[in-house]
Amino acid sequence: MTDAVLEIRNISKSFGALKASNNVSLTLRAGEIHALIGPNGAGKSTLIKQIAGNLRPDEGTVWFEGKNVTALNTVARARLGLGRTFQISSLAMDYTVLQNAVLGALGKRGKVFRFFSPVMKDKKLLAAANAALAQVGLEEFAHYRTSDLSHGQRRQLEVAVALTLAPKVFLMDEPMAGLGGEGSQRLMGFLDTLRQQAPILLVEHDMDAVFALADRISVLVYGSIIATGTADEIRNNPEVRAAYLGEEDAE
Amino acid sequence: MQREQLINATTLLALLAVPLWAWYVDEPFTITLATKVAIFALAGVGLNLALGLGGLVSFGHAAFFGIGGYAMGILASHAQTYTPLASWPFLLEGTKSMPVIWLVAMVMSGLAALAVGALSLRTTGVYFIMITLAFGQMFFYFAISWPAYGGEDGLSIYVRNGFPGLNTLDPIQFFMLCYVLLAVVLFFFARLAKSPFGMALNAARQNDERVQTVGITPYRLRLVAFVISGAVTGLAGALFADLNRFVSPTMLSWQTSGEIMVFIILGGVGRLYGPVIGAGLFIMLEHFLGGLSEFWHVYLGVLLLLVVLFARGGLIGLLAGKEVAHD
Amino acid sequence: MKLKTILMAASVAALAHTAQAEGVKVGMITTLSGGGAGLGIDVRDGFMLAIAQSGSTDIEVVIEDDQRKPDVAVQLADRMIQSDKVDILTGIIWSNLAMAVVPSATAQGKFYLSPNAGPSPLAGAGCHPNYFNVAWQNDNLHEAAGAYSNDAGYSNTFILAPNYPAGQDALTGFKRFFEGALAGEIYTKLGQTDYAAEIAQIRASGADSVFFFLPGGMGISFLKQYADSGVDLPLVGPAFSFDQGILQAVGDAALGVMNTSQWNKDIDNAANAAFVTSFQAEYGRLPSLYASQGFDTANLLLSAMAVADVNDADAFRAALEAANFDSVRGDFAFASNHHPIQDIYVREVIKEGDVYTNRIVATGLTDHSNAYVAECSM
Amino acid sequence: MSLILIIEQTLNGIQFGVMLFLMAAGLTLIFGVMGVINLAHGSLYMIGAFAAAAVAGATGSFLLALAASLVVAAIAGALIELTVMRRLYDRDHLDQVLATFALILIFSEGTRWAFGSFPLFLDIPDALSGPITLPFGVQYPLYRLAIIGIGLVVALGLFALISRTRIGMQIRAGESDREMIGALGVNISVLYTLVFALGAALAGFAGALIGAIQSVQVGMGEPVLILAFVVVVIGGIGSIKGALVGALLVGLTDTLGRFLLPSFFGLFMEPSSAMSVGSSLSSMSIYILMAAVLLFKPTGLYGSA
């Protein structure tokens with residue numbers, strides 16, 4: 001278990017009687033895509049929130065680049081280099097696509113308390129933003145209002161904003177949802193190369209994408225990880241088949 | 001966008017032209033009304049930074065307006081009676097110089113906004129509205145029951161404070177002073193809205209989580225915006241007190257907070273010039289409806305209700321059409 | 001009907017800005033909307049009744065509503081002076097509004113005749129040759145209450161008033177004349193509506209009487225709660241909580257309470273009898289203290305206009321100082337600081353048929369002036 | 001400072017708190033279910049008092065007056081909901097604040113238009129007037145005790161309504177998940193109108209109860225409204241229990257502050273300045289309490305995060 005960039009150790013979180021996370025441990029290594037799958041209600045969102053810093057675990061710790069970040073909030077974790085995309089798009093809807101990307105670049109640069117110079121004329125910020133948009137293929141939509149984008153395009157923009165942050169880890173919550181077949185293919189291709197830039201913890205429902213992309217897969221059921229392994233290991237794991245993959249058809 | 005800029009320029013010009021015309025035909029009261037519009041507009045522009053850009057529905061801005069007013073009243077009353085404000089730990093004299101009074105008004109109301117904001121911004125939404133309202137009431141009751149500076153009776157200043165090189169008692173000169181201040185603040189706020197700070201603040205209004213995710217703390221953005229907003233509203237309060245040569249706790253009442261908010265909604269929320277048009281409209285309504293009926297507040301209420309329900313962009317919205325992305 | 005025409009004429013004239021008017025132009029700033037509008041309406045009605053009865057054609061009255069807001073009052077005064085070019089201002093009900101308007105109006109050479117508010121700064125160091133108060137100095141009725149408490153044999157009184165300058169003046173005024181001890185002294189919050197906590201302290205204090213100054217709705221609340229509390233110490237107060245307008249809202253709780261006033265509808269003189277009858281005939285309600293003050297203010301003005309030109313300020317001022325008019329209060333003169341010298345009566349709240357009202361039972365102070373004459377350098 | 005005085009002041013604080021609860025319960029319920037802020041709640045309080053005073057004046061019956069306050073305020077509430085609030089559920093809070101601010105202007109001046117500028121008369125019924133003697137020789141007005149009793153009964157009734165009845169279940173569902181009640185097959189628009197009318201009726205009822213010992217006049221509602229906001233902030237939005245606890249806290253703090261603070265400053269200051277400092281500070285005491293609660297619990301004592 002070398003160079004784990006992100007590590008979760010024995011996290012538990014309960015809401016009343018419901019154990020949403022039950023002694024979960026997970027690592028994300030440099031250069032890999034680690035997919036987190038599980039049926040609805042398995043506790044994926046709760047786990048992501050604890051990693052991103054929205055929720056504090058009852059027990060256990062979160063480590064980022066060898067530092068214990070359990071007590072840090074979302075902002076601090078983002079500044080350390082945790083780039084997150086949301087399951088339900090979380091963008092500034094009144095802004096243009098470019099403005100959203102510039103916001104990311106601004107966050108990366110950090111000097112927010114500047115009151116006079118126009119931010120949309122800052123060449124460095126624009127360059128960073130445009131580059132990120134080009135990477136996800138949104139450059140021609142730069143001046144669209146974000147609320148006018150399709151769901152798929154919003155996902156792409158989520159990824160683009162995360163890119164402007166040049167994070168050390170990507171935390172992606174269902175980036176494929178709502179993308180058409182072509183869009184999914186394109187994004188998959190992109191993520192495939194992105195893992196060289198920073199490892200990705202990927203929560204995804206699209207099983208084809210997961211099995212095609214992931215270096216490792218963890219399966220979360222009822223708040224516990226029942227298995228972690230390569231695509232083949234998971235596919236052939238009887239416990240996983242019983243608990244999860246068997247139900248996939250019914251979903 | 002083009003059309004809104006045209007409306008803005010027309011508004012600013014009209015606010016200048018009317019009192020100049022009144023000066024020409026010797027109608028000093030019209031100049032006084034225009035001065036009131038400029039000052040209320042300034043208060044509204046101040047609040048609109050928090051409310052329009054920051055999404056912070058503060059129902060306690062009258063407190064900052066009143067603190068600005070009292071900064072003027074207290075400094076000028078001490079200067080008037082030649083008594084020092086404090087003799088310990090160092091001698092603090094009153095003053096009748098507007099620039100000094102403005103500075104003190106902005107600092108004091110900014111500090112009050114810092115204290116109120118630091119507590120209130122821990123909450124959001126409805127909580128924030130109710131808490132700012134309650135803190136506003138706290139300042140109001142304090143002003144009424146603190147006997148040193150007139151309490152409920154307020155403070156009267158017999159001669160308007162001075163500005164180097166101007167005769168501030170001349171209505172048109174005092175108007176120009178207020179007008180220039182309004183224009184300067186409008187210019188800075190126009191820049192601020194497009195600055196990194198303004199962009200992040202506006203983004204935090206639209207989506208708090210997004211701003212956190214890119215590593216910016218919305219709380220700090222909002223607190224700074226709230227302080228600037230309070231300071232500008234405080235500046236307006238100092239001018240308003242000078243216009244009337246009088247300050248009283250009425251300036252801090254919750255109705256005043258409501259009225260400042262009404263300027264914004266009449267003109268158009270989130271539009272830089274919204275409060276300017278709104279204040280103008282409000283003063284005209286007060287002037288003409290007030291002449292028609294003792295119960296003009298009923299008409300004002302109905303009009304306001306109609307604007308909220310059916311004309312959400314306010315007057316600028318009606319004239320300029322649908323809002324487009326700020327690019 | 002006649003009154004309405006004059007009001008109409010007044011407002012039409014105001015709109016038309018007739019600058020060449022021969023007569024006197026009066027600007028009335030008073031509270032006609034919002035809380036406390038009843039007082040302003042009474043002052044206005046009393047004032048306009050006197051103008052109508054005089055049949056005078058060379059007086060023009062511009063009436064505006066100050067909404068009880070000082071800033072509105074100041075701007076109305078500015079407008080009346082700057083645009084309407086009035087000669088005389090009047091009408092303000094509240095001390096804080098008077099403090100905002102009067103100093104700058106008199107400084108600009110206008111006359112101000114106060115039909116109600118009489119804050120102490122305007123009677124003392126801040127007095128002005130062009131400022132006349134036709135009602136009372138703020139302390140007067142409280143001073144009479146203090147004097148009456150002595151006469152009634154009270155020796156240990158509990159006093160309370162709202163925590164604002166007029167309230168502080170009230171207790172000071174009472175203490176200036178009251179010779180007994182104080183069982184307690186409380187300042188309440190302005191606009192407070194629940195007095196249970198204060199009443200409990202009164203009950204526990206061992207006082208033999210209570211003096212209170214709580215104008216408007218505050219007084220109504222206090223009286224009702226006091227009556228219900230079972231504390232049955234005698235109450236004394238100034239007329240403001242026992243006026244015609246609000247007594248009906250207090251009801252039985254006010255019956256028998258002693259209050260001090262410079263006027264009542266049963267003061268026996270011809271002017272008063274005529275005023276009460278004509279006011280009732282014109283407006284269909286009993287006149288209040290405030291209406292009587294408005295009526296007197298207008299008559300004072302008319303008496304001065306009869307002998308002097310308003311443009312000759314010195315002559316006009318002398319005519320005002322003479323106070324040569326038939327006050328509905330009987331004898332009336334101005335002290336050197338332009339505040340009334342008058343009798344102040346003690347009234348008792350009674351019920352006449354279905355209507356609660358007052359009758360005079362004693363005289364509290366005779367030919368009473370005010371405590372600030374010496375401070376005024378006029 | 002005798003024990004009797006302290007007991008009497010404590011009762012006063014409780015009575016004040018109970019009255020605030022009636023206001024705050026409606027506010028918090030309306031907010032919890034519909035997510036709207038209603039500044040016109042104070043106007044409903046006033047409407048209840050005016051309705052009661054008008055009916056009491058015409059019939060002489062206090063019971064009828066109370067009934068009238070409930071009915072008229074509920075109808076007014078339902079009308080507000082149907083004509084105005086309904087259009088505001090999807091809007092942001094600013095629109096709600098401004099629309100209900102406009103309603104205050106309309107109701108206040110409209111009432112003055114209809115009833116004139118002078119306060120109306122409403123008196124305590126004979127059966128409840130005068131004081132009674134409690135243990136330890138405490139004399140206390142029976143009517144105020146009755147208010148405490150009525151308030152507590154209403155509080156129990158509300159708890160029962162929320163936890164035991166079908167409507168209560170729908171209200172709870174609405175508070176936790178607005179979409180869910182649609183799925184439950186509940187007619188949302190009817191539920192919203194009902195809840196609004198219920199909140200309005202509580203406010204009007206409080207107005208009538210208090211109108212009998214205070215002055216029934218235009219503008220009586222707003223000071224109470226602002227105190228009710230403080231209560232809701234302290235208790236936590238949407239929580240009836242929080243409203244009760246918050247109301248009692250505010251009532252006791254205000255009453256005891258008014259009475260204890262001036263005496264406290266009297267220990268080391270001269271009486272007149274002690275009086276004014278004490279009074280100034282006591283007028284701010286509940287806001288200081290609110291600030292203190294916020295420091296530790298930004299969502300109020302019983303509010304959900």
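Keep in mind that what you see is a predicted model, and the values were worked out from it rather than measured. Per chain, numbering begins at 1; letters A, B, ... match sequence-line order.
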What's the verdict on side-chain contact (heavy atoms from CB on, under 4.5 Å) for Thr299(D) and Thr123(B), showing C-alpha distance, side-chain angles and the deciding distance?
-> CA-CA 7 Å; Thr299(D) 53; Thr123(B) 66; over 6 Å; no
Taking atom CG of Leu304(B) and atom CD1 of Ile106(D), what is their separation to the nearest 0.5 Å?
-> 8.0 Å
Checking heavy atoms, do the side chain of Leu51(B), its backbone, both or neither come under 4.5 Å from chain D?
-> side chain
Select one option (side chain, backbone, both, neither) describing which atoms of Val298(B) are under 4.5 Å from chain D's heavy atoms.
-> both
More than 12 foreign heavy atoms under 6.0 Å from CE of Met284(D): is that the case here?
-> yes
Under 4.5 Å from a heavy atom of chain D, the part of Phe59(B) involved = side chain
Heavy atoms of Gly125(B) and His93(D) approach each other most closely as CA-CD2, 3.8 Å
Side chain, backbone, both or neither: which part of Tyr299(B) has an atom under 4.5 Å from a heavy atom of chain D?
-> side chain
Contacting moiety of Ile286(D), where chain B heavy atoms sit under 4.5 Å = neither
Just by distance, do the side chain of Tyr127(B) and the backbone of Ile237(D) share a donor-acceptor pair under 3.5 Å?
-> yes
Just do the side-chain contact (heavy atoms from CB on, under 4.5 Å) check on Tyr287(D) and Phe142(B) with the steps written out, would you?
-> CA-CA 11 Å; Tyr287(D) 304 106; Phe142(B) 182 77; over 6 Å; no
For Ala102(D) and Gly301(B), work out which heavy atoms get closest and say how close.
-> CB-O, 3.3 Å
Stepwise side-chain contact (heavy atoms from CB on, under 4.5 Å) test for Gln137(B) and Leu227(D) = CA-CA 10 Å; Gln137(B) 282 301 102; Leu227(D) 289 180; over 6 Å; no
Largest heavy-atom contact set with chain D, pairs under 4.5 Å, which of Leu309(B), Leu133(B), Ile265(B) = Leu309(B)
Measure the CD-CZ distance between Gln255(B) and Phe101(D) for me, rounded to the nearest 0.5 Å.
-> 7.0 Å
Atom group of Val84(D) that falls short of 4.5 Å from chain B, counting heavy atoms = both
Within a strict 4.5 Å, meaning less than it, do heavy atoms of the Leu94(D) and Met261(B) side chains meet?
-> yes
Given a strict heavy-atom distance threshold of 4.5 Å, which part of Leu39(D) is in contact with chain B: side chain, backbone, both, or neither?
-> side chain
So which part of Val97(D) gets closer than 4.5 Å to some heavy atom of chain B, the side chain, the backbone, both or neither?
-> side chain
For Arg91(D) and Val308(B), indicate whether the former's side chain and the latter's backbone hold a donor-acceptor pair under 3.5 Å.
-> yes
Cut-off 4.5 Å, heavy atoms of chain D, and the answer for Val307(B) is neither
So what's closer than 4.5 Å to chain D heavy atoms on Ile131(B): side chain, backbone, both or neither?
-> both
Smallest separation among heavy atoms of Val233(D) and Met130(B), with atom names | CG2-CB, 3.7 Å
May I have the step-by-step check of side-chain contact (heavy atoms from CB on, under 4.5 Å) for Phe310(B) and Arg87(D), ending in yes or no?
-> CA-CA 10 Å; Phe310(B) 304 112; Arg87(D) 301 166 196 276; 4.1 Å; yes
Heavy atoms only, distances under 4.5 angstrom: which of Phe140(B), Phe135(B), Phe139(B) has the most pairs with chain D? Name it, please.
-> Phe135(B)
Heavy-atom pair count under 4.5 Å with chain D, highest-scoring of Val57(B), Val126(B), Leu119(B) | Val126(B)
